[in-house]
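Structure record follows, encoded as structure tokens.
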Amino acid sequence: GQQLNQSPQSMFIQEGEDVSMNCTSSSIFNTWLWYKQDPGEGPVLLIALYKAGELTSNGRLTAQFGITRKDSFLNISASIPSDVGIYFCAGPPNTGNQFYFGTGTSLTVIP
Amino acid sequence: DGGITQSPKYLFRKEGQNVTLSCEQNLNHDAMYWYRQDPGQGLRLIYYSQIVNDFQKGDIAEGYSVSREKKESFPLTVTSAQKNPTAFYLCASSMGRARETQYFGPGTRLLVL
């Protein structure tokens, strides 16, 4: 089945540093979504991307829909302790009636 | 406010018991989903339903059962046949087909005593 691979699997960074993570698939995607899951809570939608090359920001977060439509990137600037959590990419491939989640990137911010 | 509610937040089960996790949504979404999440792991699909009175097995349906008698409700029963039920269970919903953006509830943590 479809695999959405996220990299890196985990990150440990100092408060104030910038963060970059990515998500790749073997298929073309029509939509890329990024979710954040706080510890012990359900994932919350952060950003949605709908066309190749699109760059969208939500506060300190910026996400991009890759030109090939097989990848997406999420950047967090000037990280703070509340950025801690697991970040998931997700979306539907170009064909079929499925919705897939990535393997997740766990972020730890050290004060 | 519209959203998805799951109850209880924590649930304890004795071995051999069935337990039912509640999921309710007032978003008027057609589709609902149940996922299981183990520590440090991603989301695994248990069951989903795209319309009332219809549901489909996901990747790990064994030991679980669901019903969809009302549009807003999609309860999950963890049966005694599920040998390793301790996990974090997440309910989600989406407007229509399975391709649509999914929105999640706060989750239920199930612990087996």
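Convention: sequence-line order gives letters A, B, ...; per-chain numbering from 1.
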key: Contact origin within B:Gln6 toward chain A - heavy atom pairs under 4.5 Å   = neither

inquiry  = Starting from B:Leu90, can I reach B:Tyr64 by hopping between I/L/V/M/F/W/Y residues whose side chains sit under 4.5 Å apart?
reply    = no

task = To the nearest 0.5 Å, tell me how far B:Tyr48 OH sits from A:Phe99 CZ.
result = 13.5 Å

All N/O donor-acceptor pairs, side-chain side in residues 76-83 of chain B, below 3.5 Å, sequence neighbours left out:
{"residue": "B:Thr77", "atom": "OG1", "partner": "B:Thr20", "partner atom": "OG1", "Å": "3.0"}
{"residue": "B:Thr79", "atom": "OG1", "partner": "B:Gly63", "partner atom": "O", "Å": "3.0"}
{"residue": "B:Thr79", "atom": "OG1", "partner": "B:Ala81", "partner atom": "N", "Å": "3.2"}
{"residue": "B:Gln82", "atom": "OE1", "partner": "B:Asn84", "partner atom": "N", "Å": "3.0"}
{"residue": "B:Gln82", "atom": "NE2", "partner": "B:Glu62", "partner atom": "O", "Å": "3.1"}

task = Among the options B:Tyr35, B:Phe104, B:Phe88, B:Tyr103, pick out the one with the most heavy-atom pairs lying under 4.5 Å from chain A.
result = B:Phe104

ask   = Do other residues, nucleotides or ligands put more than 12 heavy atoms under 6.0 Å from the CD atom of A:Gln9?
value = no

ask   = So does B:Glu15 have more than 12 non-hydrogen atoms from other groups sitting under 6.0 Å from CD?
value = no

B:Ile4 reachable from B:Leu110 in the ILVMFWY side-chain graph, under 4.5 Å edges = no

task = Anything in residues 34-65 of chain A with a heavy-atom distance to chain B below 4.5 Å? Please list those residues in order.
result = A:Tyr35, A:Gln37, A:Gly40, A:Glu41, A:Gly42, A:Pro43, A:Leu45

query = Given the rule that I, L, V, M, F, W and Y join up when any side-chain heavy atoms are under 4.5 Å apart, are B:Tyr47 and B:Leu45 in one cluster?
reply = no

key: Worked verdict on B:Tyr33 versus A:Phe101 for ring pair (Phe, Tyr, Trp, His ring centres under 6.0 Å)   = CA-CA 13 Å; B:Tyr33 312 81; A:Phe101 287 89; 8.7 Å; no

query = Going hydrophobic residue to hydrophobic residue with side-chain gaps under 4.5 angstrom, can you get from A:Phe29 over to A:Phe73?
reply = no

request  = Look at the side-chain heavy atoms of Ile, Leu, Val, Met, Phe, Trp and Tyr, link any pair under 4.5 Å apart, and say whether A:Trp32 and A:Tyr100 land in one connected group.
outcome  = yes

